[in-house]
Protein chains: 2
Amino acid sequence: MRHILLVFVLVTVVLGCESNQESKLLISDIEQLNNAISEAKPGEVLVLKNGTYKNVLINFKANGEKNNPITLKAETNGEVIISGKSHLKFGGNYLAVKGLHFKNGYSPSDAVIEFRIDEEAIGNHCTVSDCVIEDFNKMHRDDSDRWVQFWGRHNTLENCYIAGKTNRGPTIRVDLKGNVHINNYHQIIGNHFGPKPPKGGPSGETIQIGDSYSSMSPSYTLVANNLFEECNGEVEIISSKTNFNEFRNNVFYKSEGSLVTRHGNYCKIDGNYFIGDGENKNIGGIRIINTGHWVTNNYFYNLKGKSFRSPLAVMNGIPKSPLNRYNQVTDVVVAYNTYVNCDAPWQFGVGTNISQKDVLPPSEIRSARPLRTIVANNVIYNEKGNETIVVEHDKADGVTFKSNAVNNQGVAFKGYEGIIAKSFSVEKVAPHILLPSSDLDIEPYQGFEFESISNDLFGNSRNQNNTIGAVISTEGTVPSILDKSKYGASWYSNEKGARAPQTINISVTDDIQSKIDKAESGDIILLEEGQHLVKSSIVINKHITIKANKKGSATLLYEGEADTPLLELHPKGFLNIENVSLKGANSQKAFASLKENMFTHFGLTVTHCDISDFNYVLKVYKESFAERITFSNTSISNCFNGLELSEETNDKGDYNTEYLTVENCTFNKVKQNVIDYYRGGYDESTIGGNLLVVNSTFTNCGAQEENNILLNHRGIINVNIVNNTFKNNPVNLVALLWGAKNNTHSGNTIINSGKIKVEENLKLKLMY
Amino acid sequence: MRHILLVFVLVTVVLGCESNQESKLLISDIEQLNNAISEAKPGEVLVLKNGTYKNVLINFKANGEKNNPITLKAETNGEVIISGKSHLKFGGNYLAVKGLHFKNGYSPSDAVIEFRIDEEAIGNHCTVSDCVIEDFNKMHRDDSDRWVQFWGRHNTLENCYIAGKTNRGPTIRVDLKGNVHINNYHQIIGNHFGPKPPKGGPSGETIQIGDSYSSMSPSYTLVANNLFEECNGEVEIISSKTNFNEFRNNVFYKSEGSLVTRHGNYCKIDGNYFIGDGENKNIGGIRIINTGHWVTNNYFYNLKGKSFRSPLAVMNGIPKSPLNRYNQVTDVVVAYNTYVNCDAPWQFGVGTNISQKDVLPPSEIRSARPLRTIVANNVIYNEKGNETIVVEHDKADGVTFKSNAVNNQGVAFKGYEGIIAKSFSVEKVAPHILLPSSDLDIEPYQGFEFESISNDLFGNSRNQNNTIGAVISTEGTVPSILDKSKYGASWYSNEKGARAPQTINISVTDDIQSKIDKAESGDIILLEEGQHLVKSSIVINKHITIKANKKGSATLLYEGEADTPLLELHPKGFLNIENVSLKGANSQKAFASLKENMFTHFGLTVTHCDISDFNYVLKVYKESFAERITFSNTSISNCFNGLELSEETNDKGDYNTEYLTVENCTFNKVKQNVIDYYRGGYDESTIGGNLLVVNSTFTNCGAQEENNILLNHRGIINVNIVNNTFKNNPVNLVALLWGAKNNTHSGNTIINSGKIKVEENLKLKLMY
């Protein structure tokens with residue numbers, strides 16, 4: 001075997017910016033690669049020939065030296081594709097990997113890239129750079145993995161683009177169980193974390209550093225200069241769970257979540273940008289738990305999140321908290337930050353749940369307020385004055401405010417010593433960056449060790465002419481924080497050119513499926529007037545619009561087998577259907593996800609349709625997830641089941657869609673599961689599930705509903721039932737709302753249909 | 001006021017080993033001192049004139065400079081006595097105090113010496129050296145204080161002698177609540193911690209570093225080169241509760257307790273000596289809880305403690321432990337230690353209490369076994385072979401043994417891979433230090449970062465000729481670890497010359513009290529034959545023996561008031577009474593402590609006496625404590641109450657005597673509280689209360705005992721009832737034993753007196 005190596009072309013090249021003398025081996029299959037690795041010497045460069053490598057398990061077990069690493073790289077960065085059941089693992093010192101593209105596959109193990117091979121072979125001083133991992137999801141959402149898993153010490157993930165993880169497990173995780181993994185000084189720098197859709201349940205972090213069991217360990221992981229773009233996996237974008245981590249100069253752009261110091265202590269969160277859109281309340285900032293964190297020089301813009309998702313959320317702890325729950329906040333410093341158009345940026349006592357002491361054990365009650373916390377030298381600017389600047393979910397009596405300025409446009413707010421109302425203007429110094437246009441003339445407070453906050457957000461020294469707020473001077477270069485060329489892989493951009501959608505006309509005799517198969521993502525299938533007979537399920541695996549020109553002018557008449565769906569939604573299948581009548585033969589489903597292998601998301605929007613004579617209108621199977629499912633201006637009649645999204649019954653906080661919206665619809669004679677949308681498990685960190693039922697009419701529905709409730713949404717956190725009419729539905733309850741959560745109802749007309757009941761504290765299974 | 005300063009004699013002196021130019025101010029009262037402090041400049045030396053300073057509250061609020069401190073010192077070290085209600089507090093930088101003697105008083109505040117004055121005025125870089133604190137106890141045991149309380153950073157307690165604390169609160173405590181107190185690098189070095197008797201309940205540590213609420217904080221406190229002599233306060237001599245503390249080269253000599261990593265992680269315990277007496281099972285070693293500690297180069301000799309008090313006790317943790325309970329042990333290294341004559345030095349899963357799950361909540365059950373723990377390169381020598389070397393209270397399946405050698409004199413023990421039976425001899429290289437006399441020829445295991453164990457116990461480099469065990473070579477100087485001149489204050493020794501006791505003859509007409517008052521501690525009061533009438537309580541406030549030459553030849557007939565004791569035991573009152581008959585008039589007590597102000601211990605030994613016609617034989621009041629109370633060969637009859645030590649009913653783990661012994665006694669017609677000895681509160685860290693009732697006879701007792709139990713000892717951990725006769729006592733139970741603890745009975749004869757019952761799990765109040 002080893003002799004195969006001898007036939008490799010050994011080339012010595014001189015490369016401009018790399019070491020002068022490198023041995024380059026051109027490798028074209030996994031066997032050659034394994035051999036090359038086994039023989040590699042410090043300084044060698046193993047080059048993978050351009051092409052696709054499928055089902056490759058790369059164990060990079062070798063030892064380079066300081067300043068003389070062993071490098072595994074693509075012949076051309078980005079032209080080496082790793083697909084299928086593949087992974088890359090490091091075991092040894094001073095190893096580097098560059099320029100690989102992971103796509104069209106998934107890891108057969110716990111990680112796509114892992115800095116160890118096994119408990120003995122661990123990577124140290126290893127680097128992954130200029131790589132892309134894209135949609136490399138396991139086939140089932142509940143199958144957990146990580147895409148980059150850190151072990152050992154001094155490993156680096158640099159200038160990579162990583163996006164699209166939807167299965168269980170944080171995208172990046174740093175593990176610290178064992179002395180060989182502590183004091184790790186790992187670096188996660190210059191990466192572009194692209195869009196990550198909501199997971200619909202916990203364990204969807206972009207970065208997790210440690211866990212509660214290693215929360216006592218010193219980590220010293222650095223996360224710096226990364227762009228987080230629409231990282232919406234769950235409420236925690238970054239979950240820091242160990243000590244002494246640093247988060248510097250990252251940009252969080254329209255990301256639904258927060259940087260959270262979930263466990264561990266003494267983190268530094270310095271010089272980051274949190275950019276919202278001024279509307280989305282899921283976009284958060286920094287959420288603080290535990291002791292000794294320093295939040296300095298950060299800039300917050302247009303954030304509208306509240307409570308857990310506040311720009312600054314300081315939580316209540318549990319007295320003598322169990323290891324995996326919430327320690328009290330103490331000794332935290334929040335200094336020199338600037339908040340622009342963030343309404344009420346500071347929220348304290350977040351997560352207080354004293355009122356739930358009847359349904360929760362004492363070890364779950366967050367009643368310990370922050371202690372010895374300093375909030376100083378910050379600037380708040382609200383373009384529109386807000387009545388509240390500081391929200392006290394519980395008393396902020398352990399918080400000291402010093403030398404903070406607020407321009408609230410003269411609108412009165414509850415006063416605190418150390419928060420000074422101040423009139424000043426702001427100017428836009430760069431896109432999304434608005435800063436006070438003049439010195440606010442407030443002497444910065446000199447707290448204990450504040451001299452360590454030596455620079456401002458832009459890197460200016462605070463030694464002279466120091467001011468409050470994140471920036472003391474805009475005279476130097478203002479960073480282009482959203483210039484994507486600064487982040488991620490050099491050869492990859494996630495900015496796709498727009499393509500005009502094509503319209504494909506379908507006559508009543510055409511085979512719809514074959515037309516869709518030929519269509520490109522985004523195209524429109526236009527149904528001619530008349531009745532289109534469909535014999536078997538239409539597969540949707542791309543963005544497709546199916547429409548008729550006029551409401552009701554075209555009918556899809558489904559003659560497929562019982563239990564099969566007229567329209568089957570596959571991973572990446574996003575269907576928009578308009579003006580179409582869907583008619584079944586009572587035994588089939590109108591829409592359904594796959595029963596298995598829904599390795600990533602689907603989506604469904606139904607507008608101006610008539611749906612009748614199905615067994616199910618919509619059936620979403622376990623581990624399937626859609627960010628949005630919307631029915632609007634649609635009538636549903638004579639179906640046995642309505643919209644069923646209730647298979648996530650393991651009560652681990654998972655659910656099947658982030659937003660289920662029913663607006664201007666009519667439901668008539670839907671016998672059961674009219675709406676059945678379930679999330680189980682007491683988990684304060686999934687704040688999801690959103691059900692909106694508005695301006696709709698339900699008549700003669702629920703006759704066979706076993707639990708006698710018309711709209712079932714147990715465990716869903718956000719529910720709004722508004723301006724609907726319920727008439728002659730033979731049930732006890734229209735809905736059972738969870739009062740302690742964001743469940744509301746108003747303006748409904750209920751005739752002969754039971755009532756809407758609110759239960760303050762719903763009893764759910766404890767997850768922790 | 002300030003002008004008083006002008007009259008001070010300003011002397012500039014040249015001192016050999018101090019800075020060349022010092023300003024010396026001779027100060028003789030607190031007013032002058034206060035003024036001198038308020039005017040002090042860097043480099044000044046404030047000299048307290050020799051003498052006694054009573055009721056002085058010294059606030060040393062000033063600022064010296066690095067290499068130019070402000071010093072407050074005794075004119076002659078040891079000749080300045082601080083007494084009465086006094087304390088010393090530091091507020092400022094670079095301050096030093098030298099040569100003071102704290103005695104005959106107590107602090108009116110929370111501390112005798114404190115490195116802060118208030119929350120604003122904190123000491124940093126301050127030093128206390130060459131001082132003594134002796135018996136400076138609060139008047140009540142439950143009044144808590146510390147004798148040296150650390151705050152701030154870089155403070156030092158050096159070369160001091162500190163002994164005799166009996167009230168609640170650790171002798172030394174380091175506080176970390178607040179960022180100004182973390183990363184403190186305090187030093188506790190070269191001190192002599194003299195005898196500290198058992199406190200009889202928790203909160204009797206000699207040193208406590210942090211608490212559970214600050215257990216996440218980095219402390220970096222150094223405890224080095226100290227002698228701990230008979231520090232018996234409680235089970236924890238040192239309670240380390242924060243991170244990164246170091247314990248180096250300390251000597252623990254006959255100290256009943258252990259060095260415990262109670263909370264916090266990553267401590268270094270290196271090069272310490274734990275010296276036992278080969279008998280006392282209360283003398284412990286190192287007890288490990290939490291993560292990442294390194295136990296290296298330590299020497300353990302003649303230790304007989306088990307379980308919590310093992311030479312090495314590695315505890316079970318509570319899964320997801322509450323903050324103030326027991327985290328699981330992980331990532332601990334125990335390497336290069338030597339154990340001589342310690343029987344079964346390694347005990348794992350200590351504290352497992354799975355069997356108590358019916359009486360304890362899940363958050364109290366220690367079922368989480370140690371993980372990722374390495375025990376390597378250690379040497380064990382047992383002069384007498386022991387069947388067990390490793391005690392597994394719970395499975396040690398998370399422990400890896402490597403390259404350990406055991407000389408068990410050929411006695412078989414349970415085998416483990418990595419523990420090698422080896423024949424070798426030891427030689428005595430210094431008092432208490434026995435080491436292998438030849439190389440054991442076992443290659444040391446090279447664990448992760450073992451190269452950081454760079455030196456051995458004696459300071460020899462391990463770079464070359466490395467061996468297993470604490471010492472690689474005795475060729476250099478072997479330290480005299482018990483040379484007391486190396487520790488504590490230069491001018492003080494706790495080695496008192498022996499004085500021959502004087503015998504004072506007392507005729508029946510003599511006033512006993514006046515003779516005792518004139519006697520010196522240790523003297524003998526010899527009662528002439530006949531009846532000695534006593535009109536009022538005899539006060540015992542020193543070591544006194546009262547005896548007659550022949551049993552029963554002298555009688556103390558008490559005619560004092562009702563409720564008063566014949567013999568009143570005051571603090572420091574240790575009474576030994578022999579051969580005497582004590583007779584009352586039914587309404588008084590034979591022996592009693594003070595009702596109040598028992599600021600330190602008493603003791604009582606009653607031998608060959610007859611006691612009759614009292615209301616109480618012994619009444620010990622709340623907050624009184626005796627290390628030992630013994631009744632032997634004594635008859636007790638016709639008393640309403642027997643021995644009552646049951647006022648510690650706040651259920652915080654306190655009790656009134658460490659050892660209550662009743663041997664070869666007869667009790668007849670004692671109506672209630674025959675023996676009533678109480679400890680309350682579920683507290684696994686007080687392992688105390690010891691009741692021995694042996695070879696005694698109880699007849700016609702307990703007739704008015706309300707709870708129908710003859711011997712009451714609820715909550716006492718160690719009870720042994722052996723070879724007694726119980727006859728015609730109208731009770732249901734002779735005793736109710738606590739099966740889960742060390743409560744045993746054997747060889748008793750019970751006639752018409754109920755029975756002895758064992759209850760496995762006694763239900764007590766949870767303290768935490």
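Here the structure is a predicted model, which is why all the values come from computation and not from measurement. Order of the sequence lines sets the chain letters (A, B, ...), proteins ahead of strands, with each chain counted from 1.
The closest side-chain donor-acceptor pair between B:Y213 and A:T330, if any, does not fall under 3.5 angstrom.
Using a 4.5 Å cut-off between heavy atoms, B:N327 touches chain A through its side chain atoms alone. Both the backbone and the side chain of B:S217 come within less than 4.5 Å of a heavy atom of chain A. For B:E449, the part sitting under 4.5 Å from any heavy atom of chain A is the side chain, from C-beta outward, and nothing else. Proximity to chain A (any heavy atom under 4.5 Å) is restricted, for B:I182, to the side chain, taken from C-beta onward.
Counting heavy-atom pairs closer than 4.5 Å to chain A, the top-ranked of the candidates B:P218, B:G292, B:S363 is B:P218. Of all the listed residues (A:P322, A:S214, A:P319), the one sharing the greatest number of non-hydrogen pairs under 4.5 Å with chain B is A:P322.
Under a cut-off of 6.0 angstrom, the local environment of CD in A:E451 is crowded, with over 12 non-hydrogen atoms contributed by other residues, nucleotides or ligands.
Using a distance-only test at 3.5 Å, with no hydrogens or angles considered, no donor-acceptor pair links the side chain of A:N324 to the main chain of B:K320.
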List the steps and the verdict of side chain to side chain contact (heavy atoms under 4.5 Å, CB included) for A:M216 and B:M216.
CA-CA 7 Å; A:M216 63 292 288; B:M216 62 292 289; over 6 Å; no
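Residues A:N179 and B:F448 share a closest heavy-atom pair of O-CE2, 3.4 Å.
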